[in-house]
Asks: 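Would you mind keeping the following structure in view while I ask a few things?
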2 protein chains.
Amino acid sequence: MVTTHSSTEEKILEAAKSVFHRKGFDGTRMQEIADEAGINKALLHYYYRSKENLFDAVFKDAFNELFKKIFSIVGSTIPFEEKIRYIFSDYIGFMQKNPYIPSFILNEINHNPARIADLMKNLPTPPSEILTRVKKSLEDEGLKDIDHRQFIINIISLSIFPIIARPLLKSILNLTEEEYNEFIETRKKELPDFIFKAIHS
Amino acid sequence: MVTTHSSTEEKILEAAKSVFHRKGFDGTRMQEIADEAGINKALLHYYYRSKENLFDAVFKDAFNELFKKIFSIVGSTIPFEEKIRYIFSDYIGFMQKNPYIPSFILNEINHNPARIADLMKNLPTPPSEILTRVKKSLEDEGLKDIDHRQFIINIISLSIFPIIARPLLKSILNLTEEEYNEFIETRKKELPDFIFKAIHS
DNA sequence: GTCTATATGGCGATAGAC
DNA sequence: GTCTATCGCCATATAGAC
């Protein structure tokens with residue numbers, strides 16, 4: 001599936017990801033993508049008809065990546081507590097490797113909310129199924145009084161926010177780049193226990 | 001302090017806030033600001049020399065608003081538990097009234113992290129003082145093993161994320177506008193207890 | 001497929017009348 | 001202070017040679 005020889009089309013898509021993720025649709029220049037791909041601006045339009053087309057490819061890819069990850073974890077059959085630990089370590093780990101994707105997605109959706117409907121259709125697992133699965137997990141754990149929706153949003157909030165607010169939080173907490181990385185590593189380990197204590201009466 | 005007769009300059013600033021908050025620097029057109037202010041494009045340049053100048057005024061104002069709020073709560077002398085409850089209800093309440101500000105701030109900082117240093121200088125209370133104050137509060141509560149930085153980030157994450165990810169979460173949870181508002185109201189009430197249970201062993 | 005050159009439109013900014 | 005008209009630039013997109 002993975003080819004080392006990257007065709008021109010692949011080079012363009014990789015360059016487009018790099019620039020769009022960091023600068024968003026409005027902040028991106030086709031020239032910058034061409035430069036990063038090491039090709040000419042006109043070639044972008046040869047492979048992808050327009051900037052919007054190229055952006056759509058990048059956006060859908062990022063959205064699917066972000067959700068494939070969380071869906072595959074939630075959908076697995078490992079025990080509840082283990083699953084929670086796995087979500088934090090694995091999901092935060094993914095975002096550490098792709099730090100621009102979360103804010104890129106949120107931003108572009110906020111700038112154009114109508115886009116969501118289309119994205120939701122192409123997901124491998126519909127969100128509604130994830131929701132009912134989490135609801136059932138909580139019930140099986142004897143946590144019937146926990147609202148599964150609030151529970152999910154709490155986990156996602158605690159995971160994503162420190163990634164998307166990194167520069168601001170780094171400055172507020174007065175941490176270096178390495179110290180902030182360590183701060184995130186600590187979260188991965190401690191957040192599961194934080195959650196368990198919060199939901200077990 | 002508040003004048004009902006709004007001068008042209010005030011009208012421009014209000015219009016600029018409205019557009020910049022929603023569309024960010026790159027997505028904003030001076031023409032749109034002029035239209036929303038009900039004046040001519042040339043007048044924008046008469047009062048504010050450039051788009052960057054106008055943006056700076058809007059950005060600094062939003063940043064200060066967002067932090068004035070949280071600092072005034074943390075700095076008050078009310079009891080610990082009450083303070084936590086107050087933060088969630090008041091801070092989330094502020095963001096409900098100004099839903100675009102959080103993502104606007106985060107976004108623009110991510111697009112230009114160098115901007116932070118300048119902003120930090122003009123804050124009424126330096127973040128370091130807030131940090132030590134929270135640290136002391138936790139110690140006074142007999143919660144010495146809680147890292148005050150993780151504690152703060154948890155509270156901020158749980159508050160802000162559902163605001164900035166509103167359109168996405170609304171879609172995932174399959175909620176109407178009103179239902180999502182109710183969802184946020186529920187958070188305001190339940191998050192304090194969630195936190196208390198999590199930190200009290 | 002890949003390039004250079006150019007068309008086309010839009011945007012920030014200014015000039016100058018009133 | 002406020003307007004109309006316009007300049008100058010830059011970005012997307014296309015034409016056309018190789």
Side-chain angles (χ1 to χ4, degrees), chain A residues 3-62 100 104 107-108 110-112 114-115 118, chain B residues 3-62 100 104 107-108 110-112 114-115 118:
Chain A
T3 53
T4 24
H5 106 284
S6 58
S7 67
T8 301
E9 191 167 355
E10 284 165 342
K11 275 195 295 186
I12 291 174
L13 193 60
E14 285 310 305
K17 282 183 191 174
S18 165
V19 181
F20 275 130
H21 287 179
R22 281 181 287 115
K23 310 202 169 182
F25 181 81
D26 291 325
T28 291
R29 300 296 97 122
M30 293 294 265
Q31 184 62 59
E32 191 172 350
I33 295 175
D35 290 346
E36 191 147 326
I39 49 112
N40 192 277
K41 212 174 43 166
L43 263 188
L44 298 180
H45 289 90
Y46 175 79
Y47 283 99
Y48 300 83
R49 286 197 348 268
S50 66
K51 183 184 179 182
E52 305 232 357
N53 252 321
L54 182 50
F55 176 80
D56 274 358
V58 171
F59 186 64
K60 280 177 188 161
D61 189 86
Y100 294 108
F104 169 68
N107 241 328
E108 299 299 336
N110 283 340
H111 279 43
N112 191 356
R115 209 188 290 275
D118 184 45
Chain B
T3 53
T4 24
H5 106 283
S6 59
S7 66
T8 301
E9 191 168 354
E10 284 164 344
K11 275 194 295 185
I12 290 174
L13 193 60
E14 285 310 305
K17 281 183 193 175
S18 166
V19 182
F20 275 131
H21 287 179
R22 282 180 287 115
K23 310 203 168 181
F25 181 82
D26 292 325
T28 290
R29 300 296 99 125
M30 293 296 265
Q31 184 61 59
E32 191 173 350
I33 295 175
D35 290 346
E36 191 147 328
I39 50 112
N40 193 277
K41 206 173 53 164
L43 263 189
L44 298 180
H45 289 91
Y46 175 79
Y47 284 99
Y48 299 84
R49 284 193 355 264
S50 65
K51 182 183 180 183
E52 305 233 353
N53 253 322
L54 183 51
F55 176 81
D56 275 358
V58 171
F59 186 65
K60 280 177 188 161
D61 189 85
Y100 295 108
F104 168 68
N107 239 330
E108 298 301 334
N110 284 340
H111 279 45
N112 191 357
R115 211 188 288 273
D118 185 45

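Sequence lines set the chain letters: A, B, ... in the order given, protein chains first and strands last, and positions in each chain run from 1.
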Asks: Heavy atoms, side chains only, cut-off 4.5 Å: are A/K51 and A/I33 in contact?
Replies: no

Asks: Does a side-chain N or O from A/Y46 land closer than 4.0 Å to OP1 or OP2 of C/dC3, or not?
Replies: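 Result: no.
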
Asks: Any idea which heavy atoms bring A/H21 and A/A62 closest together, and the distance?
Replies: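 Closest approach of A/H21 to A/A62: NE2-CB, 3.9 Å.
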
Asks: When all nucleic acid strands are considered with a 4.0 Å heavy-atom cut-off, which category describes B/Y48: base, sugar-phosphate, or nothing?
Replies: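 Here B/Y48 touches no strand at all.
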
Asks: Strictly by modelled atom types, are B/N112 and B/E108 linked by a side-chain donor-acceptor pair under 3.5 Å?
Replies: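 No, B/E108 and B/N112 have no side-chain donor paired with an acceptor closer than 3.5 Å.
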
Asks: Could B/E14 and B/K11 be called an ion pair, given the rule that one side-chain N must be under 4.0 Å from one carboxylate O?
Replies: no

Asks: Taking the side chain from A/E32 and the backbone from A/R29, do they hold a donor-acceptor pair closer than 3.5 Å?
Replies: no

Asks: Within this structure, what is the CD1-to-C1' distance between B/I33 and C/dA13, rounded to whole angstrom?
Replies: 14 Å

Asks: What is the distance, rounded to the nearest whole Å, between atom CG of A/D35 and atom P of C/dC3?
Replies: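 Value for this atom pair: 12 Å.
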
Asks: Check this one for me: any side-chain N or O of A/H45 less than 4.0 Å away from OP1 or OP2 of D/dT14?
Replies: no

Asks: Tell me: CZ of B/R29 to P of C/dG9, nearest whole Å?
Replies: 17 Å

Asks: Atom CZ of A/R49 and atom P of D/dA15: how far apart are they, to the nearest Å?
Replies: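 Going from CZ in A/R49 over to P in D/dA15 covers 13 Å.
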
Asks: Taking the basic N atoms (NZ, or NE/NH1/NH2) and the acidic carboxylate oxygens, is any pair closer than 4.0 Å for B/D56 and B/R115?
Replies: yes

Asks: Round to the nearest Å and state the distance from A/N53 atom CG to D/dT12 atom P.
Replies: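 The answer, rounded to whole Å, is 14 Å.
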
Asks: Can you tell which of D/dG1, C/dT2, D/dT12 lies closest to the side chain of B/L43?
Replies: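 Ranking D/dG1, C/dT2, D/dT12 by closest atom to the B/L43 side chain puts D/dG1 first.
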
Asks: Distance check, rounded to the nearest 0.5 Å: B/E52 atom CD versus B/F59 atom CZ?
Replies: 12.5 Å

Asks: Rounded off to whole Å, could you give me the CD-to-P distance for the B/E52 and C/dA13 pair?
Replies: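 One finds 8 Å between P of C/dA13 and CD of B/E52, rounded.
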
Asks: Specify the separation, in whole Å, of atom NZ of B/K51 and atom P of C/dA13.
Replies: 8 Å

Asks: Once you build an axis from the first five pairs and another from the last five of the helix from C/dG1-D/dC18 to C/dC18-D/dG1, how far apart in angle are they, to 10 degrees?
Replies: 10°

Asks: Just N and O in the side chain of B/T8: are any of them under 4.0 Å from OP1 or OP2 of D/dT2?
Replies: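 Result: yes.
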
Asks: With the criterion being N/O to N/O and under 3.5 Å, what pairs connect the protein with nucleotides 5-7 of chain D, and how long is each?
Replies:
none

Asks: Can you measure B/L44 atom CG to C/dC11 atom C1' for me and round it to whole angstrom units?
Replies: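 B/L44 atom CG is separated from C/dC11 atom C1' by 13 Å.
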
Asks: Quick check: A/F20 with A/F104 (ring centres under 6.0 Å apart)?
Replies: no

Asks: Can you tell whether the side chains of B/E36 and B/K23 come within less than 4.0 Å, N to carboxylate O?
Replies: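 Not counted as a salt bridge, because no side-chain N and carboxylate O are separated by less than 4.0 Å.
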
